[in-house]
Amino acid sequence: MSELSLKTIIFPAAGLGTRFLPATKACRKELLPVVDKPLIQYAAEEAVDAGFEQIIFIVRKGEKSIARHFSDVPDLRQKLAKTKTQLEVDALTRTIPSSVECRYVEQSEPLGLGHAVWLARSFIKEEHFAVLLTDDLIDGGLHGGCMTQMMELYKKNKCGAIGVEVVADSETKKYGIVCTEDTSAKVSKIITIVEKPSPEKAPSRLGVVGRYILPTSIMSVIENTEHGVGGEIQLTDAIAATLEEDRIDAYRFDGVRYDCGSKLGHLQANVAYARKNKELGADFSNWLSNEVM
Ligand code: G1P
């Protein structure tokens with residue numbers, strides 16, 4: 001392990017997407033749009049803005065549609081160029097700058113988030129790497145993307161970090177829950193982390209959102225992690241086992257998170273993003289206030 005720097009981000013994208021059936025029967029859930037962009041593109045833009053140089057997509061066996069989304073389409077560009085400016089064509093077709101290396105790794109069995117992350121191990125040469133879960137769409141607004149905020153934190157503290165937010169009692173069962181040295185601080189060292197505990201067993205109400213900066217040494221910890229909640233190899237369990245060796249902070253990010261892994265959260269994201277869309281925002285907001293509210 002050489003440099004103390006952060007260049008690689010992993011996008012686990014091999015889940016079954018059962019909550020969105022039948023929409024996800026033939027279409028990956030990561031490609032479901034929020035207004036006019038697929039979720040995974042928001043993720044890619046957040047990662048590129050934060051300065052990542054390598055994105056590793058963990059995809060299902062034989063899965064090609066995500067790679068297709070991020071590939072160049074000269075024919076489409078040529079067609080659009082007849083009626084649109086170069087800037088517009090770029091905005092419509094250039095989904096990831098060519099300077100960013102994209103790699104695709106297949107997860108042949110759904111063995112869990114920990115296992116998905118572990119599959120990327122041979123591509124990580126630095127002391128830390130990041131993970132972004134595309135279900136969690138975060139609008140950082142004027143504060144910048146959540147990963148940009150966490151990258152700033154990393155530059156200062158040079159240690160791991162996990163994005164967290166306060167969740168309701170009824171929601172602890174949906175998240176990893178952390179206990180920190182100071183639960184009300186914006187940044188605080190994590191003492192323990194538990195995957196999807198009941199409210200009675202949860203060590204706090206700080207829930208993990210899908211933004212992680214982790215020490216690369218966690219890869220060998222994952223190898224020895226037993227199957228946990230849901231019979232899967234949980235990233236949370238490997239993080240818990242690494243906390244004695246490596247400092248990982250909980251970071252209460254600035255911005256609004258939409259749980260696009262749920263139908264309600266996905267609908268809320270569509271409404272929020274449509275309202276602030278340059279092209280549609282005014283008309284949509286008008287319609288919303290006249291027709292719906
Ligand atoms: C995963 C993690 C969980 C985290 C959540 C955030 O769960 O295992 O710790 O809080 O993402 O979205 P999943 O939503 O994949 O069940």
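Reckoned from all heavy atoms, side chains included, excluding hydrogens, waters and symmetry mates. Counting starts at 1 for both ligands and their atoms, following the listed order. FYI, the numbering just counts along the sequence from 1.
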* Can the positive tip of Lys276 be found less than 6.0 Å from the middle of the six-membered ring of Tyr273, inside 45° of the ring normal? -> yes
* To do: Compute both the distance and the angle, then confirm whether Lys37 meets the cation-pi test with Tyr42: under 6.0 Å from the six-membered ring centre, within 45 degrees of the axis.
  => yes
Give yes if a backbone or side-chain nitrogen or oxygen of [X] is under 3.5 Å from a nitrogen or oxygen of ligand 1, and no if not.
| X | answer |
| --- | --- |
| Lys196 | yes |
| Gly176 | yes |
| Leu113 | no |
| Asp136 | yes |
| Glu195 | yes |

* **Contact bool for atom 7 (O) of ligand 1 (protein heavy atom, d < 4.0 Å)** => yes
* With a 4.0 Å cut-off, strictly under, does atom 14 (O) of ligand 1 pick up any protein heavy atom? -> no
[X]/[Y] ion pair, N-O < 4.0 Å:
| X | Y | value |
| --- | --- | --- |
| Arg77 | Asp75 | no |
| Arg257 | Asp139 | no |
| Arg205 | Glu171 | no |

* **Closest contact, heavy atoms only, Ser188 versus Asp182** => OG-N, 2.9 Å
* Asked: For the residue pair Ile66 and Phe57, what are the closest heavy atoms and their distance?
  -> CG2-CD2, 3.9 Å
* Asked: Which part of Leu133 is near ligand 1, with near meaning a heavy atom under 4.0 Å away: side chain, backbone, both or neither?
  ->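 The side chain, only.
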* Considering only protein heavy atoms, which is closest to atom 5 (C) of ligand 1, and at what distance to one decimal place? ->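 Answer for atom 5 (C) of ligand 1: Val208 O, 4.0 Å.
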* Asked: By number and element, which atoms of ligand 1 are closer than 4.0 Å to a non-hydrogen atom of Thr236?
  ->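 Checking each atom against Thr236, I get 9 (O).
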